[in-house]
Amino acid sequence: MTGATSTIDQAEARWYARPQGEVMTALDSDAERGLDNGAAATRLSSYGPNSIPREQPPSAWSVALRQLRDPMNLMLIVVVVVGLVSGGLLTTVVVGLLVALNVVLGARQELRARASIDALATTQVPQARVVRDGAVIVVPAADLVPGDVVELEAGDLVPADGRVLRSATLETQEAALTGESAPVAKDGAVLTAASSGGDVALGDRSNMLFQSTSVTRGTAAMAVTATGIHTEMGRIATMLNTVHRTRSPLQRELDSLTRVLGIVAWTAVAFIVVVGWLRGLPLNDVVLLGTAMAISAIPTGLPAFVSGLLAYGAKDLAGAEAVVKNLTDVETLGATGTINTDKTGTLTMNEMMVSVIHADGAWFTVDGEGYRKTGGITSVAGTPTPDFTGLALGLALDSDATVADDGGVIGDPTEAALVVLAAKLGVNAEQTRRAYPRLAEVPFDSSYKFMATFHRIQVDSTDRVIMLVKGAPDVVLDRCAYASGPLHGGQEPIGAARAGIDAANNRMGGEGLRVLAFAARLLDLDEEPAMRTDPMTLTYRLGHVGMVGIIDPLRAEAKTAVRTAQQAGIDVRMITGDHAATARAIGETLHLGPGTISGPDLQALPEDELTRRLPQLHVFGRVSPQDKLRLTQSLQRQGLVVAMTGDAVNDAAALKQADIGVAMGSGSAVTKQAARMILTDDNFGTLVHAIEIGRRVYEKIVAYIRFQMTQLLALVMLFVAATAGNLNRGEALTPAMVLYLLFFATAIGVIIIAVDPGDPAVMRRPPRDPAVPITNRAAELTWLSYAAVMFLAALVPLLWGPDEPRADAPSASLTMTFVVLGLGTVANAVINRRDPASGLGPPILKAAAISLITIGMLILATWVGFLQRTLLTQPLTGTQWLACLGLALALPAVAETAKAIRRARAGQTGTDPRRAVGPDRTSTNTATGPATAQSPMPT
């Protein structure tokens, strides 16, 4: 081949529609000699390496900076600056440490998750056997260029896209690209539909090989037609650049909450500062009052708590074999309203298995899992068990695959399923092959769709040659003259039995099974020479032995996981590149919702029609990567939080678009890069468990916010009231008291909420509606009402305490206000850890035990000398302590009464209170499918 370099159209050349000679001319290459080294080097320089660029993750500094730019941290930084200006060293140091904690914790968890992803994505660089200058050499796959001639054999990974030049019994596994689980037969013939101008779906291009698919059977030589980003895999990776990730529901809701807090906090600070200045207070006192108000009004621990809780959830997920990239993805899982799941390798094992046998007019069910050789053959009681000898010989001898006892497969996956069935029938394939060596064969070819092998066996103490045939049922049956095999004794003509056999074939095909028929014939002595010279001439007058139905079996936990998801109000859709009939059969087995549609029919639907029909569509077959992306976007436009699972490159764009893209640990590097979470055990059930963890995390976040907002609003009301009424010179609490309560009351309340195990019925309610934010009207009214109760309880000692509150000396009234707020804080946490469930339910003893820490610290604050001097407190009498306790219990009494009333109302309407009650959560989500009816939910 000359060193000339031509411009080759790698994208739209329709190589599958062109004869081989025309293909090689267009590629400026030679089918026998390949490219010369000079031309290959020039093309490599021109077209670039045969690799797909990876998305670079953000640096550690950029991750930390993003954490620092969080609105809540920005407000805390303002407090630090004010503290520096006012000379409040203690305030500055404490709040500065909180900012640092927020940034370090959030960045550390995100970087740790990304490191886990990078470790999972590490793959080995493949090699390729390529013809250069007429010689076969081995080069890195990245060095291939258009026009190279690559040689392939069973077990090889296809290194680039290419046109088949020569092939022998070639089959490839294209599940990574098309989602079809069964191997696909390939040859070099021009496709008829394509040559006449029609387009051919990717999964039907039988004369093309595609990058990252694997050769499962036979040999081939292909001409490389596309490399790198121009391959089908590369196009999918390029499509990822057009997909923009959505912000998580939690990010959007916390942004909304932060805006509300900012308005409340800075309005209150401004009011207090302005009023204090107008009253003529010294500037330093005014700044101290404003700082104390800011500390009271800003939930300084919110970022740390949310990050810590999400990190804890991420740890739980990792323990459950699920790794998340970003901490917010933990919560996004809990908001999932619909799951779009791939079939192959996700719901199924991506291992072919014989599930049914039809022989002698009877049906037999085959039990087992994938390539494990354990399992039984069962039938209806009273069904005579036929002699499976002829079928077992065909399974073991008319195939080439080997299956190790540990399930390792060498060869074609379909043949591996036959070897496993032979083992279940008590036949060792390897020993049988040694006992009956192959004398001749008609190799499988996609043009005639069957395979035949010849072996010498003993029949009635006589050496005979038996021909064993397996292949497509219609082809094999057309060559059968008898309804039973030659080892069954007398053979009846097939005529009367053919209708029943055809019906069995149609039934298995309708159930999505890949059907293979087996037949056999004993050769006469005078036919043996033809066996060696032209064995194809002997493949007639066969005796039908039986048929087997092969399927990619469901994972053992798939049914239970789907049922759990549906009980949780999550709609599950199966979206696969496999044929619609196969997909429908799997969907029916899983009890998915109604409706099956194929890719071409889906593409013909206008967007408004698709939106209208989606509630009644749950199984999608023969879909393209673009179809998967479109479905994800359509569901998101309806306001649903979408989870998408997949392990193949054709899933990558939809995974990136989804709110929570879930890749399998065994999937491609591109898929892992696009996803937000990786299931290291490839288990769909793990995803459902991860959703449960996400829901529990979200419930704790909402419980924390309910607790924190009650607390903060009560303090705001107290400071504003003290300023407006000039109580204690406008200082409701000293700054030291505020910090003391922050560490020894609020922090303890946070622990009470964090360690609560949560509602055990979390997966028996619908998903929350992401369109309803945390700061909705009902929630705000609840926060305000609870805060008002706490505020009034704390105001009582300031107004009617035993002495006059003073800002510069200890007083019993100020000390009682301090104690009431401390006791009320832990009571607030105990009650608000559950809603609408009672906060007094189990594990109440654990919560009460933790509360003792706050009670002990409050006692010390009023009795220890240096704490008295720092906080300006004094000892209280027993009567005063009882008064404080009674005032602190006002909030639990009001909150529990309100929750009891809501539960009672829900009971009167016949609604499950765990699903339908809540002061601040009303779902308007129009989720699709019968299992996703939405109900109001508690915050």
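This one's a predicted model, so the numbers in the text were calculated from it and none came from an experiment.
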Value for CE (Met467) from CD (Glu527), rounded to nearest 0.5 Å, stands at 8.0 Å
Which heavy atom of Val356 sits nearest a heavy atom of Trp363, and at what distance? CG2-CE3, 3.5 Å
Minimum heavy-atom separation for Gly370 to Val420, with atom names? O-CG1, 4.1 Å
Evaluation steps, side-chain contact (heavy atoms from CB on, under 4.5 Å), between Phe210 and Thr172: CA-CA 9 Å; Phe210 302 105; Thr172 62; over 6 Å; no
Spacing of Lys373 atom NZ and Asp406 atom CG [to the nearest 0.5 Å]: 9.0 Å
Can you tell me how far apart CD (Glu441) and CG (Asp400) are? Round to the nearest 0.5 Å. 6.5 Å
Nearest atoms (heavy-atom pairs only) where Phe518 meets Leu395: CZ-CD2, 3.6 Å
Please step through salt bridge (charged side-chain N to carboxylate O under 4.0 Å, His left out) for the pair Lys628 and Asp342, ending with a clear verdict. CA-CA 10 Å; Lys628 295 183 179 185; Asp342 183 38; 3.8 Å; yes
Heavy-atom nearest pair, Val548 first then Ile357, reads CG1-CG1, 4.2 Å
Check the side chains of Ser399 and Arg433 for a donor-acceptor pair under 3.5 angstrom, ignoring hydrogens and angles. yes
I need the minimum non-hydrogen distance between Glu511 and Ala585, along with the two atoms involved. O-CB, 2.5 Å
Any sub-3.5 Å donor-acceptor pair from Asp460's side-chain atoms to Thr462's backbone N or O? no
Report the C-alpha separation of Leu468 and Lys470 in whole Å, then their side-chain angles, then the decisive distance to 0.1 Å, and conclude whether the side-chain contact (heavy atoms from CB on, under 4.5 Å) test is met. CA-CA 7 Å; Leu468 303 170; Lys470 82 167 189 297; over 6 Å; no
When you measure from the centre of the six-membered ring of Phe454, is the NZ or CZ of Arg532 under 6.0 Å away and within 45° of the axis? no
Between Arg163 and Glu22, is the salt bridge (charged side-chain N to carboxylate O under 4.0 Å, His left out) condition met? List the steps. CA-CA 11 Å; Arg163 175 72 155 79; Glu22 184 179 330; over 6 Å; no
Starting at CE of Met24, measure out to CZ of Arg18 and round the result to the nearest 0.5 Å. 12.0 Å
As a quick check of understanding, evaluate salt bridge (charged side-chain N to carboxylate O under 4.0 Å, His left out) for Glu351 and Arg372, giving each step before the final call. CA-CA 10 Å; Glu351 297 179 356; Arg372 297 181 183 178; over 6 Å; no
Look at the side chain of Asn506 and the backbone N and O of Asp502, then say whether any donor-acceptor pair between them is shorter than 3.5 Å. yes
Assess whether atom CZ of Arg498 is packed by more than 12 heavy atoms of other residues, nucleotides or ligands within 6.0 Å. yes
Can a side-chain donor-acceptor contact be found between Asp387 and Thr389 if the only test is distance below 3.5 angstrom? yes
Kindly give the heavy-atom pair with the smallest separation between Tyr16 and Asn207, and that separation in Å. O-ND2, 2.9 Å
Asp627 side chain vs Ser624 backbone, donor-acceptor pair below 3.5 Å: yes
Strictly distance-based, threshold 3.5 Å: is any side-chain N or O of Asp412 a donor or acceptor partner for the main-chain N or O of Thr414? yes
How long is the gap from CE on Met352 to CD1 on Ile551, to the nearest 0.5 Å? 8.0 Å
Would you say CZ of Phe450 has more than 12 non-hydrogen atoms from neighbouring residues, nucleotides or ligands within 6.0 angstrom? yes
